[in-house]
**Q** 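Below is the structure I would like to discuss, written out as structure tokens.
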Amino acid sequence: MDTCQNLVHDAGLGLRRSFLSEVIEHPPENVAFYEVAPENWMTIGGKLGKQFRAMTERCPFVCHGLSLSIGSSDPLDEDFVRAVKNFMRAHGIKFYSEHLSYCSHEGHLYDLMPIPFTSDAVKHVAARIRRVQDILEQKIAIENVSYYAAPGREMDEIDFFNAVVEEADCEVLIDINNIYVNSVNHGYDAEAFLRAIPAKRIAYAHIAGHYVEADDFLVDTHGAEVIDPVWKLLGKAYELYGVFPALLERDFNIPPLDVLLKEVDTIRAIQKAWGNQHEQRSA
């Protein structure tokens, strides 16, 4: 089965409609790839559809899903998976990733809910991931998610995550901000979590901002600038594992494009710094 590693490179940006026209008219040189939620683009036609086609013909794209609900007890929506497959083929999109969560129970819940960290859930979720990969004829990447409660917990988050990706034989979308947010909210060591990630499976990374509700309670909003501890955690990931692609997410309070591009530049600067250090070590 085809891997999704090494299919994109350098620094990416989540594409949003608010700046679609701007990136078409003035393509940013520092953005090597873009990411979209397929649910938001599969049925788009008219001017937006033509603009999107112009972008996918010119730039590498990946899909990051919102509604697969991989951990749900509802039947897997195989029609949706096939629609994603057709969408990816139509636009030459490199690969697909999803959240290790669920968002449906006899109907959509409109939020990403935590899967119980249990051995039964590992088997259930891994089987569903394998089925998605069979339909897509390609491995997918699964993202570690932020969560605010752990119902029915039998194991630590990292052990659950690793067990799922091992049994499913899928790849990893490592979300740096989610590691940081969870480490604050649940009182664990972010670097220790990072060290336990199966590095050989990393396809790319997400980095984003969050909202500070209290000193010990952060909310993963993707609605603010990335803070210094999260940037440092990305650098630590590169120190441990070498440089892999990373993408900036911004979903709310979207600033002018030049502000986003400065954060993309920060990703590239961290990649360059750690790329140079790894080259020096191997010389």
Side-chain angles (χ1 to χ4, degrees), residues 1-15 31-38 42 56-57 59-66 68 70-71 76 78 80-101 122-123 125-145 158 160-176 178-179 193-207 234 237-249 267-268 271 274-275 278 282:
M1 185 174 292
D2 291 342
T3 179
C4 57
Q5 291 183 307
N6 304 314
L7 294 182
V8 291
H9 304 279
D10 303 324
L13 177 64
L15 184 66
V31 177
F33 67 102
Y34 291 91
E35 178 190 83
V36 292
M42 286 193 298
T56 59
E57 288 177 347
C59 308
F61 269 75
V62 298
C63 276
H64 183 51
L66 299 173
L68 181 61
I70 199 66
L76 182 67
E78 296 191 2
F80 169 74
V81 179
R82 292 186 180 93
V84 170
K85 181 178 183 178
N86 292 336
F87 174 70
M88 291 171 63
R89 285 185 171 175
H91 289 279
I93 293 173
K94 301 294 185 179
F95 59 89
Y96 176 67
S97 64
E98 248 291 359
H99 305 82
L100 186 56
S101 62
V122 169
K123 295 175 183 176
V125 176
R128 287 162 70 93
I129 293 172
R130 290 196 301 269
R131 178 57 183 157
V132 172
Q133 293 183 147
D134 286 344
I135 294 171
L136 294 180
E137 301 178 84
Q138 184 183 39
K139 288 188 178 183
I140 68 171
I142 290 294
E143 180 187 44
N144 57 294
V145 298
I158 187 60
F160 176 74
F161 182 80
N162 287 349
V164 169
V165 298
E166 180 68 27
E167 184 154 337
D169 192 22
C170 64
E171 291 174 352
V172 169
L173 163 51
I174 179 173
D175 191 301
I176 303 298
N178 287 351
I179 295 175
F193 186 99
L194 193 62
R195 288 180 180 275
I197 286 284
K200 66 181 180 180
R201 295 185 181 273
I202 296 174
Y204 71 122
H206 275 169
I207 194 161
L234 178 64
Y238 289 154
E239 178 185 356
L240 292 171
Y241 304 129
V243 175
F244 45 78
L247 179 133
L248 177 70
E249 288 188 295
I267 295 174
R268 293 178 69 95
Q271 290 175 330
W274 283 108
H278 282 285
S282 61

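All residue numbers refer to positions in the sequence shown, counting from 1.
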**Q** Can you tell me how far CZ of Phe244 sits from CH2 of Trp274, rounded to the nearest 0.5 angstrom?
**A**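 Rounded to the nearest 0.5 Å, the CH2-CZ separation comes to 12.0 Å.
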**Q** Within the structure provided, determine whether Arg82 and Ile135 are in side-chain contact (heavy-atom separation under 4.5 Å).
**A**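 They are in side-chain contact.
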**Q** Would you say the side chains of Thr3 and Glu171 form a donor-acceptor pair under 3.5 Å?
**A**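 Side chains of Thr3 and Glu171: pair found under 3.5 Å.
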**Q** Take Ile179 and Ile174 through the test side-chain contact (heavy atoms from CB on, under 4.5 Å) and record every step on the way to the result.
**A** CA-CA 9 Å; Ile179 295 175; Ile174 179 173; 4.0 Å; yes
**Q** Can you tell me how far CZ of Phe95 sits from CG of Leu7, rounded to the nearest 0.5 angstrom?
**A**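 These two atoms lie 6.0 Å from each other.
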**Q** Work out which heavy atom in Gly275 is nearest to a heavy atom in Val243; give both atom names and the distance.
**A**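 Answer, listing the atom of Gly275 first, then Val243: N-CG2, 3.6 Å.
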**Q** Quick check on side-chain hydrogen bond (donor to acceptor under 3.5 Å, both in side chains): which of His9, Gln5, Glu35 does Tyr204 satisfy it with?
**A**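 Output: one option passes, namely Glu35.
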**Q** Are any non-hydrogen side-chain atoms of Val62 and Ser97 less than 4.5 angstrom apart?
**A**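 SC-SC contact between Val62 and Ser97 ruled out.
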**Q** Quick check: closest heavy atoms across Gly71 and Val125, and the distance to 0.1 Å?
**A**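 Closest approach of Gly71 to Val125, heavy atoms only: CA-CG2, 3.9 Å.
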**Q** Would you mind telling me which of Leu247, Leu13, Ile207 makes a side-chain contact (heavy atoms from CB on, under 4.5 Å) with Ile267?
**A**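 Of all the options given, the one that passes is Ile207.
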**Q** Please determine whether side-chain contact (heavy atoms from CB on, under 4.5 Å) holds for the pair Cys170 and Gln133, giving the CA-CA distance in whole Å, both sets of side-chain angles, and the decisive distance to 0.1 Å.
**A** CA-CA 8 Å; Cys170 64; Gln133 293 183 147; 3.2 Å; yes
**Q** Identify the two heavy atoms, one from Ile176 and one from Ala205, that lie closest to each other, and give their separation to 0.1 Å.
**A**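 The answer is CG1-CB, 4.4 Å.
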**Q** Look up atom CZ in Arg195 and atom OH in Tyr241, then write down how far apart they are to the nearest 0.5 Å.
**A**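 With rounding to 0.5 Å, CZ (Arg195) is 7.5 Å from OH (Tyr241).
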**Q** State plainly whether the residues Asp169 and Arg130 are in salt-bridge range, i.e. N to O under 4.0 Å.
**A**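 So Asp169 does not pair with Arg130 through a salt bridge.
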**Q** Work out which heavy atom in Tyr238 is nearest to a heavy atom in Pro245; give both atom names and the distance.
**A**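 What the structure gives for the nearest pair is OH-C, 4.3 Å.
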**Q** Which value, rounded to the nearest 0.5 Å, describes the distance between Arg131 atom CZ and Ile70 atom CD1?
**A**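 One finds 11.5 Å between CZ of Arg131 and CD1 of Ile70.
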**Q** Any heavy-atom pair between the side chains of Ile140 and Cys4 that's under 4.5 Å?
**A**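 The answer is no; the side chains never approach within 4.5 Å.
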**Q** Looking only at the aromatic ring of each residue, does the gap between the centers of Phe161 and Phe193 stay below 6.0 angstrom?
**A**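 Centroid distance Phe193-Phe161: not below 6.0 Å, so no.
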**Q** If you define the side chain from C-beta out and look only at heavy atoms, does anything of Arg201 sit under 4.5 Å from Glu166?
**A**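 SC-SC contact between Arg201 and Glu166 confirmed.
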**Q** Measure across Leu194 and Ala237 and return the closest heavy-atom pair with its distance rounded to 0.1 Å.
**A**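 That would be CD2-N, 3.5 Å.
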**Q** Quick one: do Asp2 and Glu137 satisfy side-chain contact (heavy atoms from CB on, under 4.5 Å)? Show the steps, please.
**A** CA-CA 7 Å; Asp2 291 342; Glu137 301 178 84; over 6 Å; no
**Q** For the pair Asn144 (side chain) and Asp175 (backbone), establish whether a donor and an acceptor sit closer than 3.5 Å, ignoring hydrogens and angles.
**A**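 Such a contact is found between Asn144 side chain and Asp175 backbone.
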**Q** Determine the minimum heavy-atom distance between Lys94 and Pro60, stating which atoms define it.
**A**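 Smallest heavy-atom distance, with atoms named: CE-CB, 4.2 Å.
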**Q** Under 30°, 30 to 60°, or over 60°: which ring-plane class applies to His64 and His99, parallel, tilted or perpendicular?
**A**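 Taking His99 first and then His64, their aromatic rings sit tilted (interplane angle of 30° to 60°).
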**Q** Drop me the distance from Ile142's CD1 to Glu98's CD, to the nearest 0.5 angstrom.
**A**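 Rounded to the nearest 0.5 Å, the CD1-CD separation comes to 6.5 Å.
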**Q** For the atom pair CD1 (Ile129) and CG (Leu76), what is the distance rounded to the nearest 0.5 Å?
**A**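 Output value for this atom pair is 10.5 Å.
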**Q** What do the steps show when you test Met88 against Tyr96 for side-chain contact (heavy atoms from CB on, under 4.5 Å), and what is the final call?
**A** CA-CA 8 Å; Met88 291 171 63; Tyr96 176 67; 3.8 Å; yes
